[in-house]
S.K.: 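A single structure is presented below for examination.
Predicted, not measured: the structure shown is a model, and the values here were computed from it.
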Amino acid sequence: MEPDDQKVDAAVLALMYLTLHDEVRAWKGFPWEATDRLYENGFIENPVNQNKSVVLTEKGRIEAEKMFKRLLAKV
């Protein structure tokens with residue numbers, strides 16, 4: 001079975017929101033393919049560095065919160 005990249009990206013953004021610290025940083029222990037797509041779509045800054053976290057852009061923080069509420073928050 002092949003994963004749906006859009007659903008994977010939504011889930012990764014939701015989990016990034018869950019691990020958010022310093023208001024814009026999230027742990028980057030996610031598949032590189034997903035973080036590359038999030039970077040290409042303007043949701044995070046370039047993930048290729050020595051840091052263990054990535055910086056969400058304003059667009060990314062807004063989308064991450066939206067995905068967190070949709071996928072992970074209690075109703």
S.K.: Of all the heavy-atom pairs spanning A26 and T19, show the shortest one and how long it is.
M.R.: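 Heavy-atom minimum between the residues: CB-OG1, 3.8 Å.
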S.K.: Shortest non-hydrogen contact from M16 to W27?
M.R.: CG-O, 4.4 Å
S.K.: Quick one: pull up OH in Y39 and OG1 in T57 and give me the separation to the nearest 0.5 Å.
M.R.: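 That separation rounds to 11.0 Å.
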S.K.: Please say yes or no: joined through hydrophobic side-chain contacts below 4.5 Å, possibly via intermediate residues, are L18 and L71 part of one cluster?
M.R.: yes
S.K.: Would you call E33 and R37 a salt bridge, using N to O less than 4.0 angstrom?
M.R.: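 Looking at R37 together with E33, the answer is no, because their closest N to O distance does not fall below 4.0 Å.
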S.K.: Quick check: closest heavy atoms across R61 and E23, and the distance to 0.1 Å?
M.R.: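 Nearest pair, atom of R61 first, then E23: CD-O, 3.6 Å.
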S.K.: Looking at every non-hydrogen atom in both residues, tell me the closest pair between I44 and T35 and how far apart they are.
M.R.: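 It is CD1-O, 3.5 Å.
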S.K.: Distance-only, no hydrogens or angles: does the N46 side chain make a donor-acceptor pair with backbone N or O of V48 under 3.5 Å?
M.R.: yes
S.K.: Do L15 and L72 make a side-chain contact, defined as non-hydrogen atoms from C-beta onward lying under 4.5 Å apart?
M.R.: yes
S.K.: How close do D22 and R25 get, counting heavy atoms only, and between which atoms?
M.R.: OD2-CD, 4.0 Å
S.K.: Looking at every heavy atom in both A64 and Y17, which two are closest together, and how far apart are they?
M.R.: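 Looking at all heavy atoms of both residues, the closest pair is O-CB, 3.6 Å.
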S.K.: Same cluster or not: M67 versus V8, using hydrophobic residues (I, L, V, M, F, W, Y) connected whenever any side-chain heavy atoms lie under 4.5 Å apart?
M.R.: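 Linked, M67 and V8 end up in one cluster.
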S.K.: Measure the CG-CZ distance between L13 and F30 for me, rounded to the nearest 0.5 Å.
M.R.: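 Interatomic distance, L13 CG to F30 CZ, rounded to 0.5 Å: 9.0 Å.
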S.K.: Roughly how far, to the nearest 0.5 Å, is the CD atom of E63 from the CG atom of L38?
M.R.: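 Atom-to-atom, L38:CG and E63:CD are 9.5 Å apart.
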S.K.: Ignoring hydrogens and angles, tell me if any N or O in the side chain of K28 forms a donor-acceptor pair with the backbone of P47 under 3.5 Å.
M.R.: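 Checking the backbone N and O of P47 against the side chain of K28, a donor-acceptor pair under 3.5 Å is found.
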